[in-house]
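A quick write-up on the structure given underneath.
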Amino acid sequence: MVEAMSQLQEEKAQLQEELAALREKLALRDGDQQTVTTQLHNQVESLKEKLISQAQEVSRLRSELGGTDLEKHRDLLMVENERLRQEMRCCEAELQELRAKPGAPCPGCEHRQESAQLRDKLSQLQLEVAENKGMLSELNLEVQQKTDRLAEVELRLKDCLAEKAQEEERLSRRLRDSHETIASLRAQSPPVKYIIKTVEVESSKTKQALSESQARNQHLQEQVAMQRQVLKEMEQQLQSSHQLTAQLRAQIAMYESELERAHGQMLEEMQSLEEDKNRAIEEAFARAQVEMKAVHENLAGVRTNLLTLQPALRTLTNDYNGLKRQVRGFPLLLQEALKSVKAEIGQAIEEVNSNNQELLRKYRRELQLRKKCHNELVRLKGNIRVIARVRPLTKEDGEGPEATNAVTFDPDDDSIIHLLHKGKPVSFELDKVFSPRASQQDVFQEVQALITSCIDGFNVCIFAYGQTGAGKTYTMEGSPENPGINQRALQLLFSEVQEKASDWEYTITVSVAEIYNEVLRDLLGKEPQEKLEIRLCPNGSGQLYVPGLTEFQVQSLDDINKVFEFGHTNRTTEFTNLNEHSSRSHALLIVTVRGMDCSTGLRTTGKLNLVDLAGSERVGKSGAEGSRLREAQHINKSLSALGDVIAALRSRQGHVPFRNSKLTYLLQDSLSGDSKTLMVVQVSPVEKNTSETLYSLKFAERVRSVELGPVSRRAELVSWSSQEHLEWEPACQTPQTSARAHSAPGSGTSSRPGSIRRKLQPSA
Ligand SMILES: Nc1ncnc2c1ncn2[C@@H]1O[C@H](COP(=O)(O)OP(=O)(O)OP(=O)(O)O)[C@@H](O)[C@H]1O
């Protein structure tokens with residue numbers, strides 16, 4: 001029993017210990033539970049506070065920025081709009097009144113225009129106001145939409161708050177229940193274990209509910225943030241609509257002021273117009289009264305006058321009837337007058353025509369006379385003339401005694417040239433001698449009469465003769481800056497032709513050819529290397545022509561330059577050593593001038609041959625061989641043939657040996673008949689060239705001298721040919737042997753060069 005008692009005691013102590021431990025544990029649990037509950041309570045409290053503050057915030061926001069302001073704005077705008085409408089109606093009514101007012105400004109009055117302008121302005125303003133009205137109603141609509149959305153948000157917020165309150169209520173109720181349960185558990189200690197477990201279960205449930213409510217709280221916070229964002233956007237929109245409204249209001253104010261000003265202006269104008277009108281009426285009335293008075297007075301006078309005028313009126317009526325009769329007969333008179341005037345005019349025209357005919361006849365006669373005079377002049381000068389041109393010393397002549405000047409001139413006679421050959425002076429007389437100082441123009445002046453005769457239908461030949469480097473090409477072609485005879489001749493032809501353009505139609509064509517080693521080539525052709533032949537015209541006219549020789553029509557200096565350029569290019573491409581070749585060939589520029597008299601239909605053709613001959617130096621003398629010898633022989637042959645032809649022409653022989661060379665055969669037309677020839681003998685002034693110079697001058701003098709008396713001429717011809725051939729023999733080549741060599745004036749050995757010419761003339 002004792003053992004059982006002690007066992008019971010032990011068990012009791014054990015149980016007490018266990019109870020104490022449990023109590024301790026429970027006390028601990030209680031403490032934990034309490035802290036958790038207070039924490040939860042605190043959390044719920046803070047949530048509540050947050051919710052309240054959020055609700056306050058929302059209401060504050062609502063009061064600050066919410067629909068009420070928008071609504072207020074909208075209401076204000078609507079009131080404003082209504083006020084504007086009323087004002088507009090008033091203005092319109094006033095305008096109507098003004099329009100309807102009698103005594104509108106008189107037509108054409110300047111105020112009328114201004115009034116019209118004002119009306120236009122007003123209608124513009126009305127249009128603008130209507131536009132603004134439209135904008136305002138749009139704005140109203142927008143404000144309405146925003147207000148609706150705000151109301152929706154508020155509703156949602158209210159729902160959320162109610163849910164929250166319910167949740168809070170539920171939680172606090174559960175909390176209260178838990179507290180009560182704990183208190184009851186404390187009161188009943190034995191089933192502590194079970195209660196603790198229940199509390200534990202309850203506590204976890206409470207926690208879960210708490211976390212749920214936190215999540216919901218979070219969700220609500222997010223929603224509130226979203227709402228805030230929406231509110232912000234709406235705020236911005238509201239602000240922009242505020243700005244727009246302010247702008248619109250400003251515009252409306254502006255239009256109002258404009259309208260007011262226009263209205264005021266209009267009123268003022270109307271007033272001034274009214275005043276003007278009244279004033280004008282008064283003035284008019286006063287004037288009318290005065291005039292009326294005067295008219296009355298006049299009327300009295302007129303009445304008395306009328307009585308006196310009646311007899312005068314009768315006579316005037318008689319006069320009028322007489323004039324009427326005269327007017328009826330006027331067309332007849334006019335016709336007769338016109339007839340006589342026409343007859344007079346016809347007579348005058350006939351007189352003018354006959355005068356014109358007379359003048360034309362005189363002009364033609366003058367033209368013929370001029371032509372005759374010109375021909376006479378040329379004839380007096382000689383159909384074949386020879387002039388010399390001495391080139392200046394150039395760098396190419398070198399230095400030293402061999403390069404000194406050997407040519408002098410006669411200061412009193414420009415047809416004499418003196419040459420110092422091997423220390424002995426020799427003189428020659430030609431038609432004219434040009435010193436090195438002579439310009440291209442000076443030389444051209446001498447030949448231009450010949451060139452113009454070409455327009456009248458004459459054939460002309462101008463040759464440049466002389467040794468290589470004596471200046472032939474310079475005289476004929478010149479340089480681009482200082483052109484020679486060729487270009488100047490064509491320019492002269494152009495200007496002459498232009499002068500006659502009213503009566504004559506002219507065409508000028510050019511051909512460029514070359515004779516080398518007795519072969520004729522066309523330098524303007526497509527095949528410059530092709531050999532050309534000279535043939536008789538098949539029409540039996542006896543004239544010559546060159547089949548295939550290209551002719552270019554030229555009208556300007558540009559055309560000439562192109563033709564020369566083309567000819568030069570053909571020559572350059574043909575021969576590698578052009579300078580060498582050019583001095584060994586004859587270059588011909590053939591200009592044909594064809595004219596037609598517009599009134600008579602008369603046609604003329606004149607040919608101008610401008611020839612740069614091959615160098616006349618006697619290459620054969622220096623013992624040249626091969627091609628140089630062949631060239632020399634050809635040149636010699638053609639130059640001799642030219643001399644023979646000129647000589648035969650001057651002596652008017654029956655037979656002229658044209659066919660002895662290609663050159664003379666080609667120029668046959670231009671060397672025969674009444675053609676005119678000029679030879680320019682080019683002279684080098686250098687000491688080392690005196691032998692060639694002497695030869696050239698002798699040749700020139702011979703050409704010039706053969707024109708005299710028939711017997712002498714024949715004798716001269718014999719001497720010419722034999723002399724010419726002898727000249728090519730080196731052994732016979734001495735200047736002294738020439739019968740035509742002259743001594744320089746003052747040398748005392750011979751008479752003046754002109755004496756030979758005189759010697760050959762038939763004695764009187
Ligand atoms: N009157 C002049 N004034 C100035 N320079 C001249 C004159 N005459 C010739 N000359 C010059 O002398 C040089 C030889 O002249 P040009 O070439 O005309 O001689 P050419 O007789 O035609 O020779 P070629 O037979 O070789 O053609 C050239 O440089 C030229 O410019």
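Counting begins at 1 with the first residue of the sequence. Start at 1 and go down the list; that is how both ligands and their atoms are numbered.
- Near Lys472, with a cut-off below 4.0 Å to any heavy atom, the atoms of ligand 1 are 18 (O), 19 (O), 20 (P), 21 (O), 22 (O), 25 (O).
- At a 3.5 angstrom cut-off on N or O pairs, Val390 does not count as close to ligand 1.
- Residues Ser684 and Gln467 have side chains that never bring a donor and an acceptor to within less than 3.5 angstrom of each other.
- Within 6.0 Å of CD in Gln553 there are more than 12 heavy atoms belonging to other residues, nucleotides or ligands.
- Under 4.0 angstrom from ligand 1, the non-hydrogen atoms of Arg389 all belong to its side chain.
- Relative orientation of the Tyr465 and Phe699 rings is parallel, given thresholds of 30° and 60° on the angle between their planes.
- An N or O contact shorter than 3.5 Å links Gly471 to ligand 1 by distance.
- Listed by atom number, the atoms of ligand 1 under 4.0 Å from Arg391 heavy atoms are 7 (C), 8 (N), 9 (C), 12 (O).
- Judged purely by distance below 3.5 Å, without hydrogens or angles, the side chains of Gln441 and Arg488 pair a donor atom with an acceptor atom.
- Under a 4.0 angstrom heavy-atom cut-off, Gly466 registers as lying outside contact with ligand 1.
- Glu518 places no side-chain N or O within donor-acceptor distance of the main-chain N or O of Ser638, the cut-off being under 3.5 Å.
- Although no hydrogens or angles enter the test, the distance criterion places a donor-acceptor pair under 3.5 Å between the side chain of Asp431 and the main chain of Val386.
- Judged by distance alone, the side chain of Glu701 and the main-chain N or O of Glu429 form a donor-acceptor pair under 3.5 Å.
- For ligand 1, none of its N or O atoms has an N or O atom of Thr394 under 3.5 Å away.
- For ligand 1, the atoms sitting less than 4.0 Å from at least one non-hydrogen atom of Pro392 are 1 (N), 2 (C), 3 (N), 4 (C), 7 (C), numbered in the order shown with element in parentheses.
- Within the 4.0 Å heavy-atom cutoff, Gln467 counts among the residues contacting ligand 1.
- Here the options are Leu694, Thr693, Leu697, the test is side chain to side chain contact (heavy atoms under 4.5 Å, CB included), and the partner is His421; only Leu694 passes.
- Residue contacts with ligand 1 include Gly469, since one or more of its heavy atoms lies under 4.0 Å from the ligand.
- Polar contact check, Thr473 against ligand 1: a nitrogen or oxygen pair lies under 3.5 Å apart.
- Taking distance alone, with nitrogen or oxygen atoms compared against 3.5 Å, Tyr474 approaches ligand 1 more closely than that limit.
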